[in-house]
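A quick write-up on the structure given underneath.
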Amino acid sequence: MADTVLEPRSLFFEDLAIGMSETLERTVTDAAVRAFADVSGDHNPIHLSEEYAAGTMFKSRIAHGVFTASLISAVLGMRLPGPGVIYFSQTLNFRGPVRIGDTIHVKLEVAELMPEKCRARLACTCTVAGEVVLDGDAWVKVPSRLPKPDAPKPA
């Protein structure tokens with residue numbers, strides 16, 4: 001299964017509708033986990049040492065939970081709603097481990113729209129082999145194509 005490549009798509013608030021969704025698939029590699037450890041500074045051996053991880057409840061290395069969550073950010077920033085979005089809140093419920101070699105399936109779905117503030121709540125679900133490993137809600141501010149009521153009118 002090939003990883004999804006997200007081509008940028010910018011949606012305005014007025015383009016959104018309840019139930020719209022976008023997905024992403026990404027396979028967790030050793031290189032990606034090590035790069036994430038370097039970027040984040042989280043070098044917990046449960047992510048990097050097979051020997052250490054063998055003695056844990058997971059019995060093998062697992063990806064950082066926030067590695068999985070970062071894929072939600074990728075979908076928000078690239079596709080739904082895309083470039084221009086302001087990501088201001090996220091709930092995360094970690095439901096299960098993600099191991100090296102697992103393919104994460106990320107799905108975001110528009111669950112609520114607040115037109116007065118151009119805000120949207122997106123339900124976020126990450127699964128591996130059909131099992132939920134992470135879920136939660138993202139709140140975002142979405143650019144509008146409509147002028148603000150108090151904005152100066154063009155001359």
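We number each residue from 1, following the sequence as shown.
- Residues satisfying the side-chain contact (heavy atoms from CB on, under 4.5 Å) criterion with D15, sequence neighbours excluded, are L11, F12, R145.
- Counting only residues at least two apart or on different chains, the salt bridge (Lys or Arg N to Asp or Glu O under 4.0 Å) pairs with a member in residues 76-91 are E22-R79.
- Scored by the side chain to side chain donor-acceptor pair (under 3.5 Å) test, S40 finds no partners at all (sequence neighbours excluded).
- Annotation: side-chain hydrogen bond (donor to acceptor under 3.5 Å, both in side chains) contacts involving residues 41-54, sequence neighbours excluded, comprise D38-H43.
- The shortest side-chain heavy-atom distance between I104 and T27 does not fall under the 4.5 Å cut-off.
- Side-chain atoms of L76 and V140, non-hydrogen and from C-beta on, do get closer than 4.5 Å to each other.
- Residue pairs meeting the side-chain hydrogen bond (donor to acceptor under 3.5 Å, both in side chains) criterion with at least one partner in residues 68-77, sequence neighbours excluded, do not occur; the list is empty.
- Contacts of H105 classified as side chain to side chain donor-acceptor pair (under 3.5 Å), with partners at least two apart in sequence or in another chain: E25.
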Table please: side-chain donor-acceptor pairs of residues 110-131 below 3.5 Å, with sequence neighbours left out.
{"unit_1": "E112", "atom_1": "OE1", "unit_2": "R121", "atom_2": "NE", "d": "3.0"}
{"unit_1": "R121", "atom_1": "NH1", "unit_2": "D137", "atom_2": "OD1", "d": "3.2"}

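- Each side-chain hydrogen bond (donor to acceptor under 3.5 Å, both in side chains) pair with one or both residues in residues 84-102, not counting sequence neighbours, appears once here: S60-R99, Y87-Q90, N93-D135, R95-D135.
- Considering only residues two or more places apart in sequence or on other chains, K107 meets the salt bridge (Lys or Arg N to Asp or Glu O under 4.0 Å) condition with E109.
- With sequence neighbours excluded, the residues forming a side-chain contact (heavy atoms from CB on, under 4.5 Å) with S10 are P83, listed by chain and number.
- Qualifying ring-ring contact (aromatic ring centres under 6.0 Å, His included) partners for F36, counting only residues two or more places apart in sequence or in other chains: H64, F67.
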